[in-house]
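In what follows, a structure is listed as structure tokens, so that the remarks can point back to it.
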Number of protein chains: 4
Amino acid sequence: MDFNVIRCARAILHVTDLDRSRKFYVDALGFIETESDENHIYLRGLEEHSHHSLMLKKAVKPAVEALGYKVSSNRDLEALALMFEKNGFTTKWIEKGEQYALGRALRVQDISGLPLEFFAEMETVDRLLQRYDLYKGSRMQRIDHFNCAVPNVEVAYEFYQQELGFSCSEYTETQEGSVWAAWLHRKQNVHDIAFMNSLGPRLHHIGFWLPDQLSLIHTCDVLASMGYGEAIERGPGRHGLSNAFFLYLRDPDGHRIELYNGDYLTSDPDFKPIRWDINDPMRQTFWGHEAPDKWFKEASVVLDVLTEKEVELVPAKLAQHKPTFVI
Amino acid sequence: MDFNVIRCARAILHVTDLDRSRKFYVDALGFIETESDENHIYLRGLEEHSHHSLMLKKAVKPAVEALGYKVSSNRDLEALALMFEKNGFTTKWIEKGEQYALGRALRVQDISGLPLEFFAEMETVDRLLQRYDLYKGSRMQRIDHFNCAVPNVEVAYEFYQQELGFSCSEYTETQEGSVWAAWLHRKQNVHDIAFMNSLGPRLHHIGFWLPDQLSLIHTCDVLASMGYGEAIERGPGRHGLSNAFFLYLRDPDGHRIELYNGDYLTSDPDFKPIRWDINDPMRQTFWGHEAPDKWFKEASVVLDVLTEKEVELVPAKLAQHKPTFVI
Amino acid sequence: MDFNVIRCARAILHVTDLDRSRKFYVDALGFIETESDENHIYLRGLEEHSHHSLMLKKAVKPAVEALGYKVSSNRDLEALALMFEKNGFTTKWIEKGEQYALGRALRVQDISGLPLEFFAEMETVDRLLQRYDLYKGSRMQRIDHFNCAVPNVEVAYEFYQQELGFSCSEYTETQEGSVWAAWLHRKQNVHDIAFMNSLGPRLHHIGFWLPDQLSLIHTCDVLASMGYGEAIERGPGRHGLSNAFFLYLRDPDGHRIELYNGDYLTSDPDFKPIRWDINDPMRQTFWGHEAPDKWFKEASVVLDVLTEKEVELVPAKLAQHKPTFVI
Amino acid sequence: MDFNVIRCARAILHVTDLDRSRKFYVDALGFIETESDENHIYLRGLEEHSHHSLMLKKAVKPAVEALGYKVSSNRDLEALALMFEKNGFTTKWIEKGEQYALGRALRVQDISGLPLEFFAEMETVDRLLQRYDLYKGSRMQRIDHFNCAVPNVEVAYEFYQQELGFSCSEYTETQEGSVWAAWLHRKQNVHDIAFMNSLGPRLHHIGFWLPDQLSLIHTCDVLASMGYGEAIERGPGRHGLSNAFFLYLRDPDGHRIELYNGDYLTSDPDFKPIRWDINDPMRQTFWGHEAPDKWFKEASVVLDVLTEKEVELVPAKLAQHKPTFVI
């Protein structure tokens, strides 16, 4: 492979009311608002030196415009484009200057239909890690991963490993030996992307990393005191998979955000992916209340990188044994 | 009043298998086992200088034998006996030496039929607060309160305030102006006893105080890793009432234990009890998953202090508007 | 005793620059500013329902005007005045309305020369315990205690116990059997007031209670990021005495503030005061760096309640074996 | 570069009394003892799937035998040997089977005289991350970094970056523009190795990662209650450099251990090393007590990989402006 995908780096979400979103993400969750204009809010965590990791774009309908990955250099983008094209994918270039604060970007619909974006350059800004006086709400640190519902996990699982260079840290297997869900990473923790067997392609959630467990508990307290009690969809609890201490929120447009802490170092090439049996009750919920139905059924629609229309949904390949189709 | 009830001080629970209980309370929750014999285990928290705050007694059937309160002196016991008798209650004395590690005790069925015990003396032991090398599991600190289901809350509410000298910190009121639930205290925090409108008299739970929120989260992790995942019935979450950060567990016999942290100082005589409307959604659950049905329906039966038989249950006086009969 | 002192309730500190003080107490430490005018700032913790627990008063020179205790009722004030007068003390009344937000107050110089104030009534305000969206900095909860340097600890120790009804939770004894320092309480935790053998009378520090250990660590981070690194005088560390996890700060005028968490319930009348040998190294510092000299030598001067002049200092009665004269 | 150094992976320390070391590392700090024999104890953290990250070897005198790095494959070892030999270093091979639980290893004295070891294979064992019932003491997670005193930082700084492929995350510069200290990493956090200008080569400390700040505070409490108060040399505090919330301990042989939490992700190739001025007071101590002299002066001697004798010490190249020669 002559390219190097560094990590999941930003998401572009369409939201319907920027002020309402700002109140949720900035006032309650403690994201730093790097900049904003009439139609966009650029958000980042306290640890991040990139201009933003979450871009909110005013739109008529909530949707996911792109899931962005940082690569090592602009040459990597050329190599990536070549690989995608060789595999029959249609790519789209967005030149430097066309997107605010971003260098040249490559967009492509991935093998599951997810709208990907690759870029090497983003404007850098002051890292506020040591500006503890600015910490509030969740004490948001940094973007961590995307979690997507796809109809055929095995196809995605293999493409990301063989063509994009991802490694698998953990996976869920059915009793027939099919991969039901998979956690794949480039950076050295559990994942940059996870795939679950479901109606898709859809974005299930974006994961953000918090500095400790208490920040997650305090997030619940802050949300409740601001009238956002309903935004807490699931948790706090711990996943067996990934060891994440988790909290799932729904933003004002219904996009799902995971706040989490836990995880572990996955630097070693001889680390063997952890296999979870789909029927292991500790897999999804090491402990914690049962997830509500909507956690399983609802997810954000994604857009076509070329047409900007919603991508059509395809039913899950594997039968739904039980409502626990994800994680 | 010529007696002074200090605080809720110990519970006597009947359990069916002492070894199974020990594994739960000592190994998982981190209680200190002060002593034990073939038929009893005497447990205390790390902060406690009293011999025990939880006494487990081997029995054929789970039940609550007594809810014990500490008073200032043995003379207070006489005054208490007089007050109860004057009000038509039948009292029972257990002389010093008849109960292990305890001084003279007065037992009586309270106005709701709950088996109370009052005593001034208990053997003292080393307080292990600064033996941090012994901290494990929940880092259990001390007993905090009893929470009971009673058919007529207002009767209990008035008796405890007028005859026993308790103060009300918080209460829940129906739209008709009836007291649905009440939190009453002698020591200077939210409660030593709470009453809720329900089929009773029954013990809903015993509350134990933890040093911080992380100990509660770690309890979940420890329980799950020991195979006690099912023991977690509700939480973690926060009650609006009392501001408790809570976790409800069911012990191997089904007795319910609340681990909590939060609370506040109630030393001031001019502190006005906080009124919660029964329909205020923040009341029970400031945030957190909905409580499961069994949390509302199941509770421990209590014994008659004279006959040692189970006390007969009486239906709740106020209609159950909704399953949220307790907190 | 026909009066009931409830708890230490407010301090009045003279400061030289209100804006500078506000930045420290409100912006950095997270006190709630209930109200302020040109010459005063009234501060309280998140848990407090009283108008203020710390009153800053603009003055030419830093000093302590009064250490205030709440009593049960205005009648208690009369009884207190009688007791003080019977013992030869000169009392001073400040009528309701003369002090902002306060009822009638009794002031008197105590047996060590400390300026005390007693009152039953203070305006109540909204308790912000559950306004988690307002939590910042230290997440300041409530005033907890005063710690004073006095020349003759035993005299103070006896007066507070015998005449004012305080109980001793812990004390330090010299090898000759003299009381070197004592922790005395009315509310049910370790102390409302502590006395140490030293040049006095002076206020060593005011203790404020934080909800958990992490709030104390975060305070250090916030102070450092705001340029207040020098304000951290000692800690974090743990005292053997009182089990406090502590942090000592110096405000912009040099007044010392202790932020702490830990402590334990002292409700039981048969709790035996814990004796610490003055030479026990764990006494002062269970663990933590050595306290700097200034922590031992510097303290705030106090004013005469009648003349409003600084009270003259008297050398300590007991010899200074070592610099560890206080905790 | 045709080799890939993954991360710092194990240290071999000579200690004089294995039982005494076990009490410190296992009982107090909570390391997992994977295995041991008469002359060795093999320790690992709760997160680690490698057989050990700290090997204690019984010896007459405390010393550092080797600082071990994991590489991708055995072929990398050959490439590494070639590079070292080409640069004039003498290498030493230890074949698989000669060291317990380890594959083939390459040892070499680095450019500063530090005894390095490289290996690709170590036996794997159960990762105990989710065995929360085994968590105790510090809740030790994993080895993180080595910190070494070397006489010429710039030479080491350049060799590790140019010949070994390390990246610099942060560094300290003198006013003359010399590199005084440097933090270098292979895995994606702040460092695997740091170098400071000092008498060397010596090992200043081994850094271990803890799951959160409270585990570090609890370590202090546990150490104090076990009589290890003196083992706490510095902290808790926060470094400006690396943002580490730190605690420095001295083991029974005087080897220094850093427990820490904080840090940040360094995955991005365009992350610019953070420059600290040597006179910036926030650099070493963002907040916290001054480090004691011994923290600056004392460090562990290292052995020659060929002769097994102590490596001779060379004075620091840059003048000691001040005692703050490290971090």
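Letters go in sequence order (proteins before strands), and every chain restarts at 1. Computed over heavy atoms, backbone and side chain alike; hydrogens, waters and symmetry mates excluded.
- C/Arg127 has no carboxylate O lying under 4.0 Å from a charged side-chain N of C/Glu48, or vice versa, which leaves the two without a salt bridge.
- Under the rule for a salt bridge (Lys or Arg N to Asp or Glu O under 4.0 Å), the partners of C/Asp144 that lie at least two apart in sequence or sit in another chain are C/Arg142, C/Lys187.
- The interface of residues 214-224 of chain C with chain D, defined by heavy-atom distances below 4.5 Å, comprises C/Leu214, C/Ile217, C/Cys220, C/Asp221, C/Ala224.
- Note on ring orientation: taking the six-membered ring where Trp is involved, the planes of C/His289 and D/His289 are parallel (angle under 30°, cut-offs 30° and 60°).
- Between chain D and the options C/Gly235, C/Pro281, C/Pro292, C/Gly288, the largest number of non-hydrogen pairs under 4.5 Å is found for C/Gly235.
- Annotation: residues 16-25 of chain D contacts chain C through no residue [non-hydrogen atoms, separation under 4.5 Å].
- Partners of D/Thr266 under the side chain to side chain contact (heavy atoms under 4.5 Å, CB included) rule, at least two apart in sequence or in another chain, are D/Ser169, D/His185, D/Gln188, D/Tyr264.
- Heavy atoms of C/Glu230 lying under 4.5 Å from chain D are absent altogether.
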Exercise. Salt bridge (Lys or Arg N to Asp or Glu O under 4.0 Å) between D/Glu298 and D/Arg256: does it pass, once the steps are laid out?
Worked result: CA-CA 9 Å; D/Glu298 301 175 8; D/Arg256 190 179 287 104; 5.1 Å; no
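- Residues D/Trp276 and D/Glu170 have side chains that bring a donor and an acceptor to within less than 3.5 angstrom of each other.
- Between C/Tyr248 and C/Trp295, the distance from one ring center to the other falls under 6.0 angstrom.
- Side-chain rings of C/His145 and C/Phe208 stay apart, their centers remaining 6.0 Å or farther from each other.
- Of the listed residues C/Gly229, C/Ser225, C/Pro236, the one with more heavy-atom pairs under 4.5 angstrom with chain D than any other is C/Pro236.
- Neither the backbone nor the side chain of C/Tyr228 comes within less than 4.5 Å of any heavy atom in chain D.
- Residues D/Asp277 and D/Thr172 share a closest heavy-atom pair of C-CG2, 4.4 Å.
- The minimum heavy-atom distance between C/His255 and C/Val15, with the atom names listed, is CD2-CG1, 4.1 Å.
- Contact between C/His239 and C/Ser242 at its shortest, heavy atoms only, is CB-OG, 4.4 Å.
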